[in-house]
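I have placed the structure first, in the form of structure tokens, so that the comments after it can refer back to it.
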Amino acid sequence: MSKKLRIGALASGGGTNLQAIIDRCQDGTLAAEIAVVISNNPDAGALERARMAGIPTLCIDHRGFADREAFDHAVVGALRDAGVELIVLAGFMRIISAVFVAAFPHRIMNIHPALLPAFPGLHVQRKALEHGVRFSGCTVHFVDTGTDTGPIIIQAVVPVLDDDTEATLSARILEQEHQIYPRAIQLFAEGRLRVEGRRVFVEGANPPRSALINP
Ligand code: GRF
């Protein structure tokens, strides 16, 4: 059997993206194993999901550290101890510092529930509705030192409907998050992602050629 990619996952919340990755590892469509799940929040549902799957967990509470860098040093140390090759942020509600990014260059992925570079930051589904965009979606990107600014790997597009609420739009986007995050990780595991500046080139990709129009 070929070697599996060792992943470290960081999550602060319910962990549905983590669950999607766990499921794809278990059914074999993702040639990876999650070596550790780390949370800054002792009550994160993600920790429970990891325990249920028999994955080692660690809670590193940011409130116990003097500053962001000290916290990041502790997290980097734990990830190194676990021997991870890729880090996935799955609803990790902490801005990560240059210390962390420099420790794993182009080896940290994040998922964001908007079509970056539109709507970085928080409450982005609400912002998309307020702005009146006809499409939104989600983005998997490599993490750099900015907030949601790193090189884009995959995006999925969903329509925004006139009767959408923040909840209905979020649910439509989340469904796609669960598709594209494992897919981005698998592309990484296969060595098919090449980063050049801001751009990520995907070897052997077969992208759609047709347009989407709404309405
Ligand atoms: C997702 O919407 C993700 O895009 C954002 O945080 C949310 C996490 O959801 N970064 P979950 O914890 O994976 O369910």
Side-chain angles (χ1 to χ4, degrees), residues 7-26 30 32 34 36-53 55 57-62 72 75 86-97 100-101 104 108-131 133 135-160 164-186 188:
I7 300 175
L10 270 54
S12 305
T16 65
N17 277 290
L18 175 70
Q19 189 67 54
I21 296 164
I22 291 172
D23 292 347
R24 296 292 80 76
C25 289
Q26 285 179 347
L30 188 43
I34 304 179
V36 65
V37 173
I38 301 176
S39 183
N40 62 311
N41 170 16
D43 301 320
L47 288 174
E48 187 53 29
R49 289 179 190 272
R51 285 186 207 110
M52 294 290 288
I55 297 166
T57 62
L58 210 54
C59 181
I60 306 180
D61 193 332
H62 59 277
D72 280 3
V75 175
L86 177 71
I87 293 133
V88 299
L89 309 184
F92 186 58
M93 301 308 284
R94 303 286 303 164
I95 292 174
I96 72 173
S97 70
F100 195 158
V101 177
F104 298 99
I108 310 170
M109 285 185 189
N110 183 41
I111 183 130
H112 181 76
L115 292 175
L116 292 171
F119 310 121
L122 295 174
H123 311 297
V124 297
Q125 297 93 337
R126 188 166 78 213
K127 288 177 190 160
L129 284 174
E130 286 168 358
H131 203 95
V133 293
F135 291 102
S136 190
C138 43
T139 304
V140 180
H141 63 94
F142 283 117
V143 172
D144 64 11
T145 51
T147 302
D148 304 321
T149 53
I152 291 169
I153 303 165
I154 300 189
Q155 296 185 304
V157 177
V158 305
V160 179
D164 264 331
T165 62
E166 200 178 335
T168 59
L169 180 58
S170 298
R172 191 175 306 122
I173 292 171
L174 195 59
E175 204 176 309
Q176 296 308 313
E177 293 182 36
H178 299 161
Q179 302 298 319
I180 67 171
Y181 216 172
R183 188 175 161 99
I185 296 166
Q186 179 61 21
F188 183 96

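Whatever order the structure lists them in is the order used to number ligands and atoms, beginning at 1. Computed over heavy atoms, backbone and side chain alike; hydrogens, waters and symmetry mates excluded. Treat the numbers as computed from the prediction; the structure is a model and nothing was measured. Nothing fancy with the numbering, it's 1 onward along the sequence.
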Check Thr139, Val88, Val140 against Ile111 for a side chain to side chain contact (heavy atoms under 4.5 Å, CB included) and give me the one that passes. Val140
Write none if no such pair exists; otherwise list each N/O atom of ligand 1 with its protein N/O partner under 3.5 Å and the distance.
residue	atom	partner	partner atom	Å
ligand 1	2 (O)	Glu177	OE1	3.3
ligand 1	2 (O)	Glu177	OE2	3.1
ligand 1	4 (O)	Glu177	OE1	2.8
ligand 1	4 (O)	Glu177	OE2	3.3
ligand 1	10 (N)	Ile111	O	3.0
ligand 1	12 (O)	Gly15	N	2.8
ligand 1	13 (O)	Thr16	N	3.3
ligand 1	13 (O)	Asn17	N	2.8
ligand 1	13 (O)	Asn17	ND2	3.0
ligand 1	14 (O)	Thr16	N	2.8
ligand 1	14 (O)	Thr16	OG1	2.6

Contacts of type side-chain hydrogen bond (donor to acceptor under 3.5 Å, both in side chains), residue Asp144, not counting sequence neighbours: Thr149
Enumerate donor-acceptor pairs with a distance under 3.5 Å from any side-chain N or O in residues 167-176 to protein atoms, sequence neighbours excluded.
residue	atom	partner	partner atom	Å
Thr168	OG1	Asp164	OD1	2.7
Thr168	OG1	Thr165	N	2.8
Thr168	OG1	Thr165	O	3.1
Thr168	OG1	Thr165	OG1	3.4
Ser170	OG	Glu166	O	2.6
Arg172	NH1	Pro159	O	3.0
Arg172	NH1	Asp164	OD1	3.4
Arg172	NH1	Asp164	OD2	2.7
Arg172	NH2	Asp164	OD1	2.9

Using the test side-chain contact (heavy atoms from CB on, under 4.5 Å), find all partners of Leu115 that sit at least two apart in sequence or belong to another chain. Gln155, Val157
Using 4.0 Å as the upper bound for N to carboxylate O, is an ion pair formed by Glu130 and Lys127? no
Between Asn40 and Ser12, is any side-chain donor less than 3.5 angstrom from a side-chain acceptor? yes
